[in-house]
Every structure is written in C-alpha cells, then in structure tokens.
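Structure first, then comments.
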Amino acid sequence: MKNKKITRKITQGVYALTTMGGGCIVDAVSQVSAGDYPCISVAVMKTNHTHDLMKKENRFALSVLGKKVAPKIIQIFGMNSMRNLNKFQMIPTQKEMELPIIPDSLGYMICEIIDSIDMDTHTLFIGKLIEADILQEGEAMSYGYYQDHKEDYVKVNTSCGKTAWICTACGYIYYGEEIPQNFKCPQCGLDCSYFKKLDN
C-alpha cells in the first residue's frame with residue numbers, strides 16, 4: 001500500500017459518541033437510510049472502552065462537533081479512556097433521553113441500536129434515529145479539517161527535559177528518546193510512522 005493516509009480525504013465529520021458510562025471521539029459516522037426515523041451507522045474501535053459499553057447498551061448519542069469546539073472536548077474525549085478518567089466530570093454534559101450529550105456542539109442525535117456488524121478492528125453499530133436537535137449554528141468540523149488543524153486541538157504540555165512523541169492520528173503521547181520500530185499506538189493501533197517528536 002503506497003499511502004493509506006489518502007483515507008483522510010474521505011468526507012466525514014468529527015463527533016463525540018456517548019453512551020451510558022462512557023464516550024469517545026469518532027469520525028466514521030454515516031446516514032444509511034432515509035425516512036422519518038433514518039438509520040445512522042458509527043464504527044467504534046474494539047479496543048475502546050466505549051465499544052465495550054456499546055455492546056451492553058441499546059442506545060447511543062452523537063454530538064456533532066463544530067470547527068469552533070473547545071479543544072478540551074477533543075483532548076478529554078479523544079485522548080483518554082474512561083477506564084482511567086471520568087470524562088463527564090471534566091467536560092460539561094446535559095442529559096437527553098437519559099444519555100449524556102455535549103452542549104458545546106452543533107446538535108445531537110440519539111439512536112436506538114438495531115444491528116451491529118463485526119468489521120475486524122471495529123464494530124459497526126447501526127442505530128435508528130429516535131431524537132435529534134440543533135443546538136447552535138456553525139460549520140461542522142470535517143475529519144480533513146481536524147487533521148489539518150490537529151495541533152491547535154491537541155496541544156500537549158510535556159515535562160521539561162522529557163522527550164515526547166505524539167501520535168498524529170489520535171494524540172497519544174509516548175515518552176522516550178526514540179520510538180521502537182515495532183511500536184504500535186496502544187490507543188489507535190497505528191505504527192510508529194504516525195508519531196511526531198514534540199518540542200519541549
């Protein structure tokens with residue numbers, strides 16, 4: 001494969017996926033049917049704690065992130081796991097149909113899970129849209145825009161004197177003088193070629 005980064009040019013948005021007990025940042029979201037209650041699909045990486053929660057729950061929410069979203073939302077929901085951090089204590093949320101959604105978003109969709117498909121590294125969850133609203137006007141953040149402006153959203157303060165490397169896909173930080181050639185990001189699974197050295 002010459003360069004799989006071309007997939008970053010696929011037009012898709014950036015969303016905060018939430019369910020009971022957890023949430024994460026996702027980009028592989030699509031409307032797959034029409035009608036009064038359209039179906040929405042979302043692909044969730046199997047290593048994510050949110051994936052485990054989705055397998056147990058029957059509903060999920062998607063908050064549509066705009067270009068002007070607070071960077072902290074992406075940092076907390078995209079670069080941490082609920083296994084180690086209660087994201088809902090750090091980011092304001094509000095309840096809609098008992099699910100947490102992000103009020104600092106363009107709007108939200110609440111879906112009832114009707115099917116799931118195993119996709120190797122991810123599970124594709126398909127939900128029927130049962131509630132939705134627009135919270136504010138603005139331009140939705142695309143995955144391409146996020147990649148082009150990622151450094152503005154994932155600025156990381158590192159300890160002086162420590163050599164740090166950031167995964168350019170998910171923002172995970174690795175500390176060490178060099179990254180082992182066989183190293184894979186424990187958060188998104190990509191190899192060491194996706195890491196960039198941070199300036200102290």
Non-hydrogen side-chain atoms of [X] and [Y] separated by less than 4.5 Å:
X      : Y      : answer
Met141 : Leu106 : no
Ile130 : Met97  : yes
Asp133 : Glu96  : no

- Message: Strictly by ring-ring contact (aromatic ring centres under 6.0 Å, His included), give each pair with a member in residues 50-71 just once, sequence neighbours left out.
- Response: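 Output for this query lists His51-Phe125.
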Minimum-distance pair of heavy atoms, taken over all atoms of [X] and [Y]:
X     : Y      : answer
Leu99 : Ala61  : CD1-N, 3.9 Å
Met54 : Ile113 : O-CD1, 3.8 Å
Pro38 : Ser33  : CB-O, 3.1 Å
Ala16 : Leu65  : N-CG, 4.1 Å
Val32 : Ser41  : CG1-OG, 3.7 Å

Flag if over 12 foreign heavy atoms under 6.0 Å of [atom1], [X]:
X      : atom1 : result
Tyr37  : OH    : no
Gln136 : CD    : yes
Ile134 : CD1   : no

Measuring from [X]:[atom1] to [Y]:[atom2], what's the distance to the nearest 0.5 Å?
X      : Y      : atom1 : atom2 : answer
Lys87  : Ile76  : NZ    : CD1   : 8.5 Å
Gln94  : Ser105 : CD    : OG    : 8.0 Å
Ile117 : Ile126 : CD1   : CD1   : 4.0 Å
Leu135 : Ile102 : CG    : CD1   : 10.5 Å
Cys167 : Asp191 : SG    : CG    : 9.0 Å
Ile73  : Thr93  : CD1   : OG1   : 10.5 Å

- Query: Who are the ring pair (Phe, Tyr, Trp, His ring centres under 6.0 Å) partners of Phe183, not counting sequence neighbours?
  - Reply: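 Only Tyr174, Phe195 meet the ring pair (Phe, Tyr, Trp, His ring centres under 6.0 Å) criterion with Phe183.
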Do [X] and [Y] sit in the same hydrophobic cluster, where Ile, Leu, Val, Met, Phe, Trp and Tyr count as joined when their side-chain heavy atoms come under 4.5 Å apart?
X      : Y      : result
Ile110 : Leu62  : no
Met119 : Val44  : no
Tyr15  : Ile101 : no
Tyr108 : Leu129 : no

- Message: Please give the remaining members of the hydrophobic cluster of Met45, linking ILVMFWY side chains under 4.5 Å, ordered by chain and number.
- Response: none
- Task: Check salt bridge (Lys or Arg N to Asp or Glu O under 4.0 Å) between Lys55 and all other residues, then give those that pass, not counting sequence neighbours.
- Result: none
- Task: Determine, step by step, whether Phe88 and Phe77 satisfy the side chain to side chain contact (heavy atoms under 4.5 Å, CB included) criterion, reporting the C-alpha distance in whole Å, the side-chain angles of both residues, the deciding distance to 0.1 Å, and the verdict.
- Result: CA-CA 9 Å; Phe88 299 140; Phe77 275 90; 3.8 Å; yes
Without placing hydrogens or testing angles, list every side-chain donor-acceptor pair under 3.5 Å for residues 17-29, not counting sequence neighbours.
residue: Thr18; atom: OG1; partner: Pro100; partner atom: O; Å: 2.5
residue: Thr19; atom: OG1; partner: Arg59; partner atom: O; Å: 3.0
residue: Asp27; atom: OD1; partner: Gln12; partner atom: NE2; Å: 2.4

- Query: Do Asn48 and Thr50 have a side chain donor and acceptor closer than 3.5 Å?
  - Reply: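 Looking only at side-chain atoms, Thr50 and Asn48 do not form any donor-acceptor pair under 3.5 Å.
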- What pairs of residues pass the side-chain hydrogen bond (donor to acceptor under 3.5 Å, both in side chains) test when at least one of them lies in residues 62-71, not counting sequence neighbours? Lys67-Glu139
- Lys46 pairs by side chain to side chain donor-acceptor pair (under 3.5 Å) with which of Asp118, Thr123, Asp120, Thr121? Asp118
